[in-house]
Amino acid sequence: MTHHHPARGAVMMIAAGAIFALYNTLTQHIAMGLGLAGPTIAFWQYLTATLLALPWALSRDRAAWAMRQPWLHLARAGCAVAGVQLWVASLAFVPIWQASALILLSPFFVTLGAALLLHEDTPPRRWLAVLGGLAGGMILLAPWSEAFSWAALMPVGAAALWAGTSLLTKRMTATEAPESLTLHLLMLLTPANAVLAVLALPAGAGLGALLPPAGALALLVLAGLLTAAAQYAIARAYSLADAGFLQPFDHLKLPLNVGLGVLIFGFVPPGSMWAGSALIVAASFYLLDRERRDSAAPQSGAAQV
């Protein structure tokens, strides 16, 4: 259920970004350093997160984790599982600075989806912001460069899918508690990830091949804990404040991811990363500012530009 506490919502969104930065760094180590397959990583992380969240959720009041909109939960989980698979797979090939910057395209996919799929009225300023964001994405991808890799498109796909997840999350906070949004997402993701992990096993391999070495399993459990904490923080943030207000605080995850990537992996981003990211963030802030002005215009009598 939604309660209007913007400052608390901002704190929760910043906390989610910091937790996700730790999660991304750890996942990239598991994928690049330990060589585990993406579907296997996603399965163990979300299985752990579900097992950790289940006792906590069930200890709450029953109304807090009741599923009131099952079809929306299924749609949200479908977008999330596809996004998770693309994201985890990308971290085995794409530097964390590039992947994290490309994820910032998600708000622009929200705008595109609202216009093209939901047929919402889309004024020129929104299309201008979308074009600015996509231009920043092109700078980050640099498809004209010899260093371009098709794997870099995976974070873009994840951004598009998570845009759908975000829209559904915000819509569902009107009737669903953060506990419900967190628990049911994890419970729906786990069996879907299990199927994908089994399908990704080498030919002839038994189910025992899904069990990683003890050291890797410990890291996956830690990643699962971070996943559960971050998912709750996001759901809590959206229940406390509007999505538009929270967007600038969501952008803070980029420097956190870049900083950890430099410290842990030595991934020093080129100047084009800052240029592309700056264009994406500037376009996002422009869109947010225009939306705020227009929403205030009927009350203040200000003219819309």
Side-chain angles (χ1 to χ4, degrees), residues 1-29 45-46 48-57 59-60 64-65 76 80 83-84 87-88 91 96-97 99-104 106-107 110 155 158-159 162-163 165-170 172-173 176-186 189 219-264 277 280-281 284-285 288:
M1 288 57 175
T2 302
H3 304 281
H4 196 63
H5 298 288
R8 296 181 188 177
V11 170
M12 293 305 296
M13 186 59 77
I14 293 171
I19 296 169
F20 268 128
L22 293 171
Y23 161 82
N24 291 335
T25 303
L26 182 58
T27 300
Q28 187 148 74
H29 169 69
Q45 287 178 350
Y46 280 89
T48 302
T50 303
L51 294 176
L52 289 170
L54 188 58
W56 162 78
S59 69
R60 314 284 286 183
W65 52 269
R76 178 170 172 256
V84 165
W87 176 251
V88 173
L91 293 178
I96 197 168
W97 63 262
S100 299
L102 288 170
I103 281 293
L104 295 182
S106 188
V110 171
W162 284 340
T165 305
S166 294
L167 283 172
L168 289 168
T169 299
K170 181 56 185 175
M172 294 165 69
T173 55
E176 312 288 304
E179 291 84 353
S180 174
L181 291 169
T182 303
L183 177 64
H184 291 118
L185 179 64
L186 294 173
L189 280 173
L219 294 179
L220 289 169
V221 169
L222 176 57
L225 175 60
L226 294 173
T227 299
Q231 291 292 346
Y232 175 78
I234 289 177
R236 183 63 175 159
Y238 280 128
S239 74
L240 291 168
D242 293 335
F245 171 79
L246 293 172
Q247 193 57 53
F249 300 100
D250 187 42
H251 288 323
L252 293 176
K253 66 188 176 188
L254 177 60
L256 294 172
N257 278 281
V258 172
L260 286 176
V262 173
L263 289 174
I264 305 300
S277 299
I280 292 174
V281 172
S284 182
F285 273 100
L288 177 64

| task | Kindly indicate, with the supporting measurements, whether the criterion side-chain contact (heavy atoms from CB on, under 4.5 Å) is fulfilled by V88 and V84. | result | CA-CA 6 Å; V88 173; V84 165; 4.2 Å; yes

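With rounding to the nearest 0.5 angstrom, the CD atom of Q28 is 8.5 Å from the CG atom of N24. Note that the CG atom of L185 and the CE atom of M172 stand 9.0 Å from one another [nearest 0.5 Å].
Contact between L91 and A99 at its shortest, heavy atoms only, is CD2-CB, 4.3 Å. Summarising the geometry of L189 relative to A80, their closest heavy-atom pair is CD2-C, 3.9 Å, with the distance given to 0.1 Å. Across A230 and A16, no two heavy atoms sit closer than the pair O-CB, 4.0 Å. Shortest non-hydrogen contact noted between A237 and M12 is CB-CB, 3.8 Å. Scanning all heavy atoms of the two residues, the minimum distance from A159 to L102 falls at CB-O, 3.9 Å.
In this structure the side chain of L26 reaches within 4.5 angstrom of the side chain of L219, judged on heavy atoms. Using a 4.5 Å heavy-atom cutoff, the side chains of T27 and W87 are not in contact.
Of the candidates L225, T227, L222, T227 is the only one forming a side chain to side chain contact (heavy atoms under 4.5 Å, CB included) with Y23.
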